[in-house]
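Naming convention: chains lettered A, B, ... in sequence-line order (proteins, then strands); numbering from 1 in each chain.
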Amino acid sequence: MVKIWQGTIELNLKLFKFHSLNFKNTNFKKFKSDLTMKNILFDLKLTQESGQTSQPPWQEIANCVNGYCDVMTLDNTPILLKVYQKSINELNIDYELPISNKSLEINKKLIEKEITRIYDLNFDLNKLYNHMAEDSKLSPAIDFCKGLRLFLAKDPFECIISSISSANNSIARWTKSITKIRQKWGEDVKFSSGTFYTFPSPSVLMNIYEDNFEEYEACNRTIETEYCINNLKSCGVGYRAPYMMKTSELFEFEMDLFEIPKMSYEEAFDLILNLPGVGPKVADCILLYGFGFKEAFPSDVWIKRIISHLYFNGEDISVPKVREFGMEKFGDYAGYVQLYLFHYARKSGLMKKLK
DNA sequence: GCGCAGGTATTGA
DNA sequence: TCAATACCTGCG
């Protein structure tokens with residue numbers, strides 16, 4: 001049994017904040033991070049904006065070039081983490097404490113450890129480039145993607161629910177859904193910079209109304225159905241709603257998120273394939289972007305088009321075959337190769353050509 | 001208003 | 001094991 005996150009039910013629908021944040025007059029604490037000094041090859045902007053499937057993008061900071069922030073729970077305390085980069089090889093980290101908890105002391109090593117995990121900063125990109133350079137199909141991708149790293153989800157449970165909602169869906173649409181879920185059922189944390197919402201825990205998510213009808217019945221039919229907005233389907237997840245609720249229930253009662261990192265890739269894959277709404281593509285996204293299993297080669301229609309164009313003369317290859325091919329050919333680099341190929345295809349115009 | 005894109009679950013060979 | 005189809009929403 002697992003109960004990791006605290007969550008309170010927030011029933012008021014808040015307006016979306018799509019604009020960038022403005023950080024004038026705020027209480028950010030700067031600290032000299034060891035990461036700043038390490039001279040790590042890392043392009044923060046490229047990584048943040050590469051559209052990796054794991055969680056909604058972090059918020060851009062208006063008055064800060066290449067600055068991003070999001071709330072995350074460290075040591076059971078939500079803090080607002082801000083990362084920015086003035087030049088490649090140099091990463092700056094600031095953080096802000098909740099208004100209600102400003103005297104708190106935060107362990108800076110913990111923040112650095114988390115940032116290192118999220119951006120995979122211990123991974124040697126030059127080793128990857130040497131490997132890619134040996135394959136004439138992959139070598140053009142290197143220059144398009146210098147400094148691109150894996151971008152892991154800060155919250156594995158949110159990653160799982162996000163990935164389920166990403167199936168047969170567009171990035172813009174599932175991102176909106178997850179943002180609504182955070183705002184309706186997550187914990188709202190107030191910072192000087194504004195209010196941020198954490199993602200609800202499995203125990204909260206398994207108990208919400210699934211659709212208008214359930215909510216209407218629970219209100220003893222005292223409201224009009226068009227005012228039923230505190231249910232999962234009102235977030236635009238469609239037929240994925242029951243999958244998400246059932247998965248929440250499984251993590252509350254039967255499965256343990258902390259067991260997954262201890263497993264082999266194959267064990268973990270077989271396990272999460274049993275979750276409702278999770279097929280091979282979603283399972284691989286969860287393992288790669290939620291848990292950092294780099295052997296995963298998430299294969300969707302786009303990767304299928306790219307692989308069949310590059311390696312099979314445009315011949316139609318089934319998605320399961322593409323996955324098999326990628327895992328076999330790229331081994332421990334499969335996840336990174338998938339990420340680099342996808343980004344390369346987007347930037348080089350190959351994607352448009354393949355459509 | 002209507003066709004289309006996008007993975008999974010289900011059904012039926 | 002594989003092919004066909006329904007599922008839901010938002011965009012063009």
Side-chain angles (χ1 to χ4, degrees), chain A residues 13 16 18 50-57 153 158-184 205 208-215 225-226 228-251 255 268-290 296-309 315-327 334-335 338-339 341-343 345-346 350-355:
Chain A
L13 175 61
F16 283 128
F18 282 121
S50 58
Q52 301 181 39
T53 309
S54 59
Q55 61 187 359
E158 178 177 31
C159 172
I160 289 167
I161 300 300
S162 291
S163 300
I164 290 174
S165 68
S166 77
N168 199 13
N169 210 341
S170 75
I171 295 176
R173 253 170 57 200
W174 70 255
T175 294
K176 251 187 219 175
S177 297
I178 298 300
T179 307
K180 279 191 186 181
I181 291 172
R182 283 187 191 175
Q183 292 176 337
K184 287 187 188 188
L205 215 51
I208 63 179
Y209 305 125
E210 189 175 308
D211 53 26
N212 283 8
F213 185 71
E214 260 191 36
E215 188 181 349
T225 46
E226 63 258 38
C228 292
I229 52 163
N230 289 305
N231 62 78
L232 194 47
K233 279 197 179 167
S234 73
C235 301
V237 299
Y239 58 86
R240 304 164 193 87
Y243 300 155
M244 295 159 83
M245 295 191 64
K246 183 77 186 131
T247 291
S248 303
E249 216 178 298
L250 284 169
F251 277 109
M255 293 166 89
F269 184 81
D270 290 344
L271 179 80
I272 60 171
L273 210 53
N274 292 319
L275 297 171
V278 174
K281 154 71 188 346
V282 167
D284 276 333
C285 280
I286 293 170
L287 292 181
L288 182 59
Y289 299 117
F297 192 73
S299 303
D300 59 7
V301 288
W302 283 107
I303 283 300
K304 165 191 152 137
R305 284 167 192 163
I306 294 165
I307 290 290
S308 78
H309 169 78
E315 186 195 332
D316 193 42
I317 309 286
S318 75
V319 170
K321 287 269 184 289
V322 168
R323 173 172 180 264
E324 219 173 286
F325 172 83
M327 288 175 63
Q338 192 265 10
L339 177 62
L341 281 180
F342 200 86
H343 190 73
R346 267 215 312 214
L350 177 62
M351 214 92 145
K352 276 186 182 147
K353 213 177 99 185
L354 294 177
K355 208 172 181 178

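- In this structure, A:Ser299 and A:Asp284 have side chains that are not in contact, with every pair of non-hydrogen atoms separated by 4.5 Å or more.
- For the pair A:Val278/A:Ser163, no side-chain contact is recorded, criterion being any heavy-atom separation below 4.5 Å from C-beta on.
- The nearest whole Å value for the distance from the CG atom in A:Asn169 to the C1' atom in B:dT8 is 13 Å.
- Judged by distance alone, with hydrogens and angles left aside, the side-chain atoms of A:Glu215 form a donor-acceptor pair with the main-chain N or O of A:Asn230 at under 3.5 Å.
- Considering all non-hydrogen atoms of both residues, A:Ile303 and A:Pro298 come closest at CG1-O, 3.9 Å.
- A:Ser177 contributes a side-chain N or O that, together with a main-chain N or O of A:Cys235, makes up a donor-acceptor pair within less than 3.5 Å.
- Side chains of A:Leu250 and A:Pro276 form a contact here, defined as non-hydrogen atoms less than 4.5 Å apart.
- Taking atom CD1 on A:Ile178 and atom C1' on C:dT9, their separation rounds to 15 Å, with Å as the unit.
- Annotation: side chain of A:Ile160 is not in contact with side chain of A:Met244 (no heavy-atom distance under 4.5 Å).
- With sequence neighbours excluded, no residue forms a salt bridge (charged side-chain N to carboxylate O under 4.0 Å, His left out) with A:Arg240.
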Distances for protein N or O near nucleotides 9-13 of chain B N or O, under 3.5 Å:
| residue | atom | partner | partner atom | Å |
| --- | --- | --- | --- | --- |
| B:dA9 | OP1 | A:Gly277 | N | 2.6 |
| B:dA9 | OP1 | A:Val278 | N | 3.4 |

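- Heavy atoms only, all atoms of each residue included: A:Ala241 and A:Glu210 are closest at CB-CG, 4.0 Å.
- The closest side-chain heavy-atom distance from A:Ile161 to A:Ser248 is below 4.5 Å.
- With rounding to whole Å, A:Met244 atom CE is found 14 Å from B:dT8 atom C1'.
- Side-chain contact between A:Leu205 and A:Thr247 is absent, with no heavy atoms from C-beta onward closer than 4.5 Å.
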Less than 3.5 Å apart, which donor and acceptor atoms pair up between the side chains of residues 315-322 of chain A and the rest of the protein, not counting sequence neighbours?
| residue | atom | partner | partner atom | Å |
| --- | --- | --- | --- | --- |
| A:Asp316 | OD1 | A:Lys304 | NZ | 3.2 |
| A:Ser318 | OG | A:Lys321 | N | 3.3 |

Output one line per pair: protein atom, nucleotide atom from nucleotides 10-12 of chain C, and distance, for all N/O pairs under 3.5 Å.
none

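- In secondary-structure terms, DNA chain C builds stems of at least 3 consecutive Watson-Crick or G-U pairs, each pair having both distances under 3.5 Å, at B:2-13 with C:1-12.
- Listed by residue number, there are no residues of residues 299-308 of chain A with a heavy-atom contact under 4.0 Å to DNA chain C.
- With rounding to whole Å, A:Asp316 atom CG is found 14 Å from C:dC2 atom P.
- For A:Tyr239 and C:dC8, the OH to P distance is 8 Å, given to the nearest whole Å.
- Between A:Leu287 and A:Ala268, the shortest heavy-atom distance links the atoms CD2-CB, 3.7 Å.
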